[in-house]
A.B. asks: 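Mind having a look at this structure? Questions to follow.
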Amino acid sequence: MLDIKFIRENKDIVQAGAKKKRIEIDIGKLISLDDSRLLELKAVEDLRSEVNRVSNDIARDQDPALKIQLIEEMRGVKEEIKAKEEKLKATMEEWQKIMLKIPNIPSVDTPEGPDDSGNQVVRSWGEKPQFAFTPKEHYELGKALKIIDTETAAEVSGSRYAYLKGDLVIMQFALIQMCLEILTNEETLKKIAEGSNISVIPTSFMPVVPPVFIRPIVQVKMARFMTPEEHYMFPNDDLMLIGSAEHTLGSMHMGKIFEEKDLPIRYAGYSTAFRREAGAAGKDTNGILRQHQFDKLEMEVFSLPENSMQEQNFLVAIQEYVLQTLKLPYQVVAVCTGDMGFPDSRQIDIETWMPGQNKYRETHSADSTGGFQARRLNTRVRRSDGKIEHVHMNDATVIAIGRTLIAIIENYQQADGSIKIPEVLRKYMGGKEFITK
RNA sequence: GGAGGCGUGGCUGAGUGGUUGAAGGCACCGGUUUCGAAAACCGGCAUUGGGGAAACUCAAUCGUGAGUUCAAAUCUCACCGCCUCCGCCA
């Protein structure tokens with residue numbers, strides 16, 4: 001959520017930002033509603049002030065006749081307050097509805113575009129592997145090696161589910177283990193930051209296994225409930241499943257005030273993510289690229305406002321470090337205004353090379369939401385001079401299991417259909433070098 | 001799931017209808033003292049919104065929401081959370 005004061009003072013910027021994001025908003029209506037809100041609020045507060053004042057008189061005054069008279073008068077004022085409060089409440093509800101639909105403003109360096117066609121490749125890394133044979137897609141290889149079974153999953157749970165089996169499961173936990181070691185080692189983090197010329201305090205990430213259920217009201221505060229059809233809902237319990245660990249990591253500190261000296265705070269959350277993929281009918285139906293359920297290690301950082309862009313760059317640097325460690329070719333993409341998330345001011349994606357598809361596919365995302373989520377969550381920081389302001393929040397993928405496994409399977413495939421295990425993972429996999437039949 | 005108890009400021013902890021935004025303590029920030037520090041002493045110290053150049057002032061907030069009342073931290077109801085015991089369970 002943006003600050004209403006900021007909106008009032010910068011309505012053109014807000015309007016233009018929404019337009020760039022291809023989101024329709026009515027700033028004029030919001031501001032005239034806000035005018036009414038302030039007027040009605042003043043009216044209610046003036047009456048309350050009167051009641052408060054007279055009530056104190058009643059408590060003090062000894063004359064019983066006067067008391068009765070004042071109480072009578074205040075009964076009338078009470079009725080008046082009630083009526084005015086109802087009007088205010090109606091105004092507030094409409095105001096709130098519009099406020100929740102105002103998106104965050106894209107950063108100045110965000111490319112403009114209607115959809116993912118407007119995304120810009122910022123840089124790329126790694127040599128695409130050359131094969132002496134036609135590289136296969138992950139689902140062919142996975143099926144033959146009996147490490148991916150979507151057919152049984154389809155019967156048991158429906159489409160877009162899979163059984164991961166055998167060495168692929170071991171590899172999942174190897175990846176997580178490897179990444180947690182990176183994220184909890186300040187020396188490594190310092191090296192990553194220095195290597196990319198980023199000046200951040202390299203505080204290590206606190207590993208977290210967060211809840212996968214979240215209250216819908218909290219999801220609204222995370223500004224991640226814009227498309228209800230994307231979420232699995234459990235109305236009987238007033239709960240929904242998270243689509244990312246971000247949702248229950250970012251909301252951990254709602255209503256809290258940090259001390260400046262305690263920031264940045266970094267979390268590495270491991271959880272399953274659940275997505276209905278309602279708008280993706282017929283897209284990526286083979287294999288495990290687009291699943292209703294997948295496991296993911298996610299970073300979430302709370303920082304001082306002035307540091308949030310550096311923090312985002314740092315998270316991207318960590319993502320690149322992970323992919324470089326795995327020797328997977330990738331490109332870094334500046335996501336354009338029409339494709340970026342509602343609460344994001346700046347979104348950077350990483351697309352990893354998938355030889356079977358002969359394409360780069362999105363495996364990572366880094367979202368800087370500035371103070372947008374923090375304002376809704378009311379997560380703040382007390383600066384060293386005593387001033388209180390909203391923190392800035394960043395979230396980013398470390399490893400999205402399904403898609404990273406695909407990248408490894410396809411990039412490391414051998415002529416005989418086996419998969420060479422990336423060297424860095426072998427120590428977590430009993431020294432094994434290949435996944436074979 | 002059953003029974004009981006409890007939610008007050010950064011922490012702790014008083015407060016069961018009346019100028020209580022809330023005593024006391026701790027922590028924190030100034031100052032006195034000291035060569036310096038500690039201790040002691042003095043002072044300050046919640047958040048949000050409105051008005052004001054400012055001093056200041058008005059409103060709201062004692063888990064959340066509704067209600068009773070001229071007046072609610074205090075009474076009523078619902079919800080949320082925490083604790084203890086029993087049951088169940090990975």
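What's counted below: heavy atoms across the whole structure, side chains too, no hydrogens, waters or symmetry copies. To find a chain, count down the sequence lines: A is the first, B the second, and so on, and within it residues start at 1.
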A.B. asks: Can you tell me how far C1' of B:rG10 sits from CD1 of A:I388, to the nearest Å?
C.D. replies: 10 Å
A.B. asks: Separation of A:K42 atom NZ from B:rU48 atom C1', in whole Å?
C.D. replies: 17 Å
A.B. asks: Whole angstroms only, please: what is the CG-C1' distance between A:L70 and B:rU69?
C.D. replies: 15 Å
A.B. asks: Using a 4.0 Å heavy-atom cut-off to protein, can you give one letter per nucleotide of nucleotides 75-83 of chain B, 5' to 3': B if the base is in contact, S if only the sugar-phosphate is, - if neither?
C.D. replies: -----SS--
A.B. asks: Counting Watson-Crick and G-U wobble pairs only, both distances under 3.5 Å, name the nucleotide matched with B:rC26, or none.
C.D. replies: B:rG10
A.B. asks: Tell me the interatomic distance from A:N52, atom CG, to B:rA71, atom C1', rounded to whole angstroms.
C.D. replies: 8 Å
A.B. asks: Report the base-pairing partner of B:rC79 (Watson-Crick or G-U wobble, both distances below 3.5 angstrom), or none.
C.D. replies: B:rG63
A.B. asks: Determine whether a donor-acceptor pair (N or O, by modelled atom type, separation under 3.5 Å) exists between the side chain of A:N394 and the backbone of A:S308.
C.D. replies: yes
A.B. asks: Touch check for A:R53, heavy atoms < 4.0 angstrom, all strands: base, sugar-phosphate only, or nothing?
C.D. replies: nothing
A.B. asks: Return the nucleotide paired to B:rG87: Watson-Crick means purine N1 to pyrimidine N3 with N6-O4 or O6-N4, wobble means G-U with N1-O2 and O6-N3, both under 3.5 Å.
C.D. replies: none
A.B. asks: Grab the CD-P distance between A:E40 and B:rA60 for me, whole Å please.
C.D. replies: 18 Å
A.B. asks: Does the salt bridge (Lys or Arg N to Asp or Glu O under 4.0 Å) test come out yes or no for A:D35 and A:R8, once each step is laid out?
C.D. replies: CA-CA 10 Å; A:D35 289 339; A:R8 292 189 74 111; 2.5 Å; yes
A.B. asks: Could you check A:E186, A:E311, A:E300 and say which one makes a salt bridge (Lys or Arg N to Asp or Glu O under 4.0 Å) with A:R266?
C.D. replies: A:E311
A.B. asks: Without decimals, in angstroms, what is the distance between A:N378 CG and B:rU61 C1'?
C.D. replies: 12 Å
A.B. asks: Without placing hydrogens or testing angles, list every side-chain donor-acceptor pair under 3.5 Å for residues 170-178 of chain A, not counting sequence neighbours.
C.D. replies:
{"unit_1": "A:Q172", "atom_1": "NE2", "unit_2": "A:Y270", "atom_2": "OH", "d": "2.8"}
{"unit_1": "A:Q172", "atom_1": "NE2", "unit_2": "A:D295", "atom_2": "OD2", "d": "2.8"}

A.B. asks: So which nucleotide does B:rC35 pair with, by the Watson-Crick or G-U wobble rule with both distances under 3.5 Å?
C.D. replies: none
A.B. asks: What's A:I58 touching, base or sugar-phosphate or nothing? Going by heavy atoms closer than 4.0 Å.
C.D. replies: base
A.B. asks: Measuring only the P atom in each nucleotide, how far is B:rA72 from B:rA14? A whole number of Å is fine.
C.D. replies: 25 Å
A.B. asks: Nearest-Å distance, NZ (A:K256) to C1' (B:rG9)?
C.D. replies: 13 Å
A.B. asks: For RNA chain B, find the residues of residues 75-85 of chain A with a heavy-atom distance under 4.0 Å and give them by number; none if there aren't any.
C.D. replies: A:R75, A:K78
